[in-house]
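We name chains A, B, ... by the order of the sequence lines, and we start the count at 1 in each one.
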Amino acid sequence: MAGGNGTDTQRAVEQFLYRQSEILDGRRWDDWLMLFTEDGKYWMPAHEEQETGEGLPNIFYEDNYLMDMRIRRIEHPYAHSQKPKNQMSHVVSNVIIEEEDDNSVIARSKFVVVEYRNDDQRYFAGKYCHHLIKADDGFRIKLQRVDIVNAEGPFEYVLQFWL
Amino acid sequence: MPYDQNLSMDQLVQSDRVHKACYADDDIFEQELENIFYKSWIYMGHESQVPNPGDYWTTWIGKQRMILSRGDDGQVHVLYNRCPHRGALLCNAQHGNAGKAFRCPYHAWQFHMDGSVRQIPMKQGYDGTADVLQDAEFAMKKAERYDTYRGFVFASLSEDGPDLLTWLGQGAKAAFDDICNRSPEGEVEVVPNCFRIIQKSNWKIFLENQLDALHPSITHHSTGDAAAEMQKVYKERTGEDAPMGYQMLADFTLPFEKWDSISTYGYEYGHTVLGGYMGLRPRDPVTLDHEAGLAEAYGAERMEEILSTNVHHVLVYPCLSVQPPLQQLRAVRPLAADKTMTEIWHFRLKGAPEGIYERSLAYYYHVNSPSTMVNADDLQNFYSCHEGLRQAGGGDWVSFHRNAGQDITEGGVTTSVTGMSEQPMRNMFAAWKKYMSGGN
């Protein structure tokens, strides 16, 4: 568990973000849900200026239940847009610890994602802001904010799950 | 695509089947732009997108880039997005406020929000050459016609043809009446967010899917099942019913018999309607509050009349799909034979409870956002259909035989014997044929 030492937190958060990427790339859905606190949320705003996801249109704004539903659809035998499955590769970098106290950490980072699907590659890039809660066995995500650079652009096809 | 060029229009579009070239051929696509998109009325946006003088949104009519603007005089205008000097786009951003003028970034020609010339730098250079301040040739060109119905703005690039109200007719007009009447003030206001999704398929495939009552329980089987499962999980864990968004998705797996009982209606100019199937009047406090507000504004009888109007999709052919009870719409922008963009908006009912907006927002999120679990599977089907149709071999026809010959036309309205009838597709293609043969 990360303590008050800045370097320890930096390294612990980086490891956490790398592992989250691996979980997503590996479609390890049970592990994915375990990353979040019970009231945790994954949020991709429709506009960078947004200060909240509540009551506004968003690209993603999902609690545990909505994420669980998305997973059940993806794994459903008749989810035909998952045939073939999309493959993803995440790279996370530029990790900056913004705030830390005894219970929580706010960390900003950058990501690049390549997705392969239907003989086609797509690229996504943007920034993460993780509000992490310290737990006995590591971190839990209270809020993951994801701002993609093309949030307001036309989407070639849609996003079947999280970036 | 290679196909027999000697096929007549009557051979391409038959009463129960259509040649695949109508979807996949590039020349036919260009003819569609000329004969349909540049002749009919095309949805440009809602007046509330441009509330203040200087406000603008850019959009498309076929391959033409257009601007919806609000002038100093409060009037809404539709202009071609093109500087009359050297042709540069005057608005590069999707939307914004231009202040007093559209200013060309190339040579600083300036135009009022109605397109008229405001200023041209060093204009003495035109002495004896052209009257750049007065001659209409040097003003931004307005759409040949534009008009609004209940705040919804349409433009036509043809000087001739029916006026907007005649063209909308009772079928399409009802979409805008229905959405506005649900507000106790009789008006809607756009939520200033436009999701844009590109479909790798012909525009008609999208419109046909909107009216296809057979596809939901098949295409959206996975999402419907997942939502129904989560409704149970949610109830078990919280003791409460899951939010309405889950039911919206679970409804996709209604049995075939239910879908077959839904009515479809076809109108002149290809407009079509699919009846509603969602239970949007639960006895919850939000709905009751909404009903009370409407009853106060219009009386109980009229409130009942307004809310018992239950349609799921109204297609304003060829450019728009409206869902009045869910307060949203998708505008169809054909970019190429195999590429279509939808611009997706949702609305607030002025004066209605916030909970009614939240319902609309839930549908906007689940069905229409870039993370939609619903259109994820639709778009896959559209791509897949187009990919099949663009191939030279493997057959030439798209079949619309379901319940063919059983359509009933009375008083300008065509209905069918079943919800799953391919009557709406046949109706749209009847209009397509008329447009493509030079009619308007």
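No donor-acceptor contact under 3.5 angstrom links the side chains of A:Q121 and A:E115, judged on distance only. Counting only N and O atoms by type, the side chains of A:H90 and A:D25 include a donor and acceptor under 3.5 Å apart. No hydrogens or angles considered: a donor-acceptor pair under 3.5 Å links the side chains of B:S321 and B:Q210.
Between B:F252 and B:H220, the angle of the ring planes lies from 30° to 60°, which puts this pair in the tilted group. Between B:F382 and B:F206, the ring-plane angle classifies as perpendicular under the 30° and 60° cut-offs. Between A:H130 and A:Y128, the ring planes are perpendicular. Angles over 60° get that label, and only those under 30° would be called parallel. The aromatic rings of A:F36 and A:Y42 lie perpendicular to each other, with more than 60° between the two planes, well past the 30° mark.
Interface residue A:Q160: only side-chain heavy atoms are found under 4.5 Å from chain B. Residue A:N150: no heavy atom, backbone or side chain, is found under 4.5 Å from chain B. Interface remark: B:Y364 contributes side-chain atoms only to the contact with chain A (heavy atom separation under 4.5 Å). With a 4.5 angstrom heavy-atom cutoff, B:I197 touches chain A via backbone and side-chain atoms both. For B:Q94, the part lying near chain A is the side chain, with the backbone staying farther off; criterion is any non-hydrogen pair under 4.5 Å.
Along residues 365-381 of chain B, the residues that come nearer than 4.5 angstrom to chain A, judged on non-hydrogen atoms, are B:Y365, B:H366, B:S369, B:P370, B:S371, B:T372, B:M373, B:A376, B:D377, B:L379, B:Q380, B:N381 in order of number. Contacts between residues 51-62 of chain A and chain B, counted as heavy-atom pairs separated by less than 4.5 Å, involve A:G55, A:L56, A:P57, A:N58, A:I59, A:F60, A:Y61, A:E62.
The candidate with the highest count of non-hydrogen atom pairs below 4.5 Å against chain A, out of B:M341, B:R237, B:E358, is B:R237. Taking A:N64, A:I71, A:L159 one by one and counting their heavy-atom pairs under 4.5 Å with chain B, the maximum is reached by A:L159. Of all the listed residues (A:E156, A:M44, A:R70), the one sharing the greatest number of non-hydrogen pairs under 4.5 Å with chain B is A:R70. Put simply, of B:V191, B:T219, B:L249, the one with the most heavy-atom pairs under 4.5 Å next to chain A is B:T219.
Look at A:D137 and A:R140 and you find a salt bridge, because one of the NZ, NE, NH1 or NH2 atoms lies within 4.0 Å of a carboxylate O, short of that distance. With respect to A:R72 and B:E229, a salt bridge is recorded, a charged nitrogen being found less than 4.0 Å from a carboxylate O.
The OH atom of A:Y65 lies 5.5 Å from the OG1 atom of B:T238; values are rounded to the nearest 0.5 Å.
Between A:E152 and A:A46 the shortest heavy-atom distance is CG-O, 3.6 Å.
Ring centroids of B:F37 and B:F29 are separated by 6.0 Å or more, keeping the two rings apart. Aromatic rings of A:W43 and A:W162 (six-membered ring for Trp) have centroids beyond the 6.0 Å cut-off, not under it.
Shown here is A:R28, whose CZ atom has more than 12 heavy atoms of other residues, nucleotides or ligands within 6.0 Å.
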